Amino acid sequence: MDLGLANATAVVVDGSRGTGLAASRCLASDGARVALVGRTQARIDSAVADLTEHGSPDAVGFAVDIGDAAEVDKVFAAMCARCNGELNVLINTVGPGAPGGLEDLTDDQWRAAVEDGAMGMLRRVPVVAFLASGATPTSANVKVNVDGGCDFT
């Protein structure tokens, strides 16, 4: 499938496993330059090698705690420098980590879910807005949030 994203710059948050890795592979097989953000360096390194095999010409990964706004800013600044301020695709697959239904979760688990999912996405919005308003026009500008809670597209 041709998504029209050859050489596009894509960032996938929590992209080293599960839904994020599947999305990353689709982008890589279309020739996008994929950057992964995740918590575990070993998992990220494995996923970056996988994406290179799937066709990403410049796959890279960053280990970061997305709950730490300063770390998120630092990583996105590094990605901005690496891609000359151009960002075509941002996919966020971070969601609530606690299993269970609405009635099963405690208040603390709900707070953690909002912090990791919704707040994690909101921390990236100013950075994405900055990149999207850069002087270089892009052929695609897509933001996808896959966490089941809050969807900013």
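Sequential numbering from 1 along the given sequence is applied to the chain's residues. Computed from a predicted model, the values in this text were never measured in an experiment.
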| Contacts of type salt bridge (Lys or Arg N to Asp or Glu O under 4.0 Å), residue Asp108, not counting sequence neighbours |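 Counting only residues at least two positions away or on another chain, Asp108 forms a salt bridge (Lys or Arg N to Asp or Glu O under 4.0 Å) with Arg111.
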- Message: Given 3.5 Å as the limit, does a donor-acceptor pair link the side chain of Glu71 with the main chain of Asp65, or not?
- Response: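 Yes; at least one donor-acceptor contact below 3.5 Å.
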Kindly say whether Leu5 contributes a backbone atom to a donor-acceptor pair with the side chain of Asp30 at under 3.5 angstrom?
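Checked: pair present.
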Over all atoms of both residues, closest heavy-atom pair of Ala47 and Leu21: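 So the two residues come closest at CB-CD1, 4.0 Å.
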| query | Partners of Thr9 by side chain to side chain donor-acceptor pair (under 3.5 Å), sequence neighbours excluded? | reply |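 Once residues adjacent in sequence are excluded, the partners of Thr9 under the side chain to side chain donor-acceptor pair (under 3.5 Å) criterion are Arg33.
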* Hey, are the side chains of Ile91 and Leu27 touching, using non-hydrogen atoms and a 4.5 Å cut-off? ->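 Yes, their side chains come closer than 4.5 Å.
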Problem - Stepwise side chain to side chain contact (heavy atoms under 4.5 Å, CB included) check, Val12 with Leu90 - result: CA-CA 6 Å; Val12 182; Leu90 170 65; over 6 Å; no
Would you list the atom pairs, donor with acceptor, under 3.5 Å between side chains in residues 35-45 and any protein atom, with sequence neighbours excluded?
| unit_1 | atom_1 | unit_2 | atom_2 | d |
| --- | --- | --- | --- | --- |
| Gln41 | NE2 | Asp45 | OD1 | 2.8 |

For residues 49-60, tabulate all N or O donor-acceptor pairs below 3.5 Å that involve a side-chain atom, not counting sequence neighbours.
| unit_1 | atom_1 | unit_2 | atom_2 | d |
| --- | --- | --- | --- | --- |
| Asp50 | OD1 | His54 | ND1 | 2.9 |
| Asp50 | OD2 | Arg25 | NE | 2.6 |
| Asp50 | OD2 | Arg25 | NH2 | 2.7 |
| Thr52 | OG1 | Val48 | O | 3.0 |
| His54 | ND1 | Asp50 | O | 2.9 |
| Ser56 | OG | Ala32 | O | 2.8 |
| Ser56 | OG | Val34 | N | 3.2 |
| Asp58 | OD1 | Arg82 | NH2 | 2.7 |

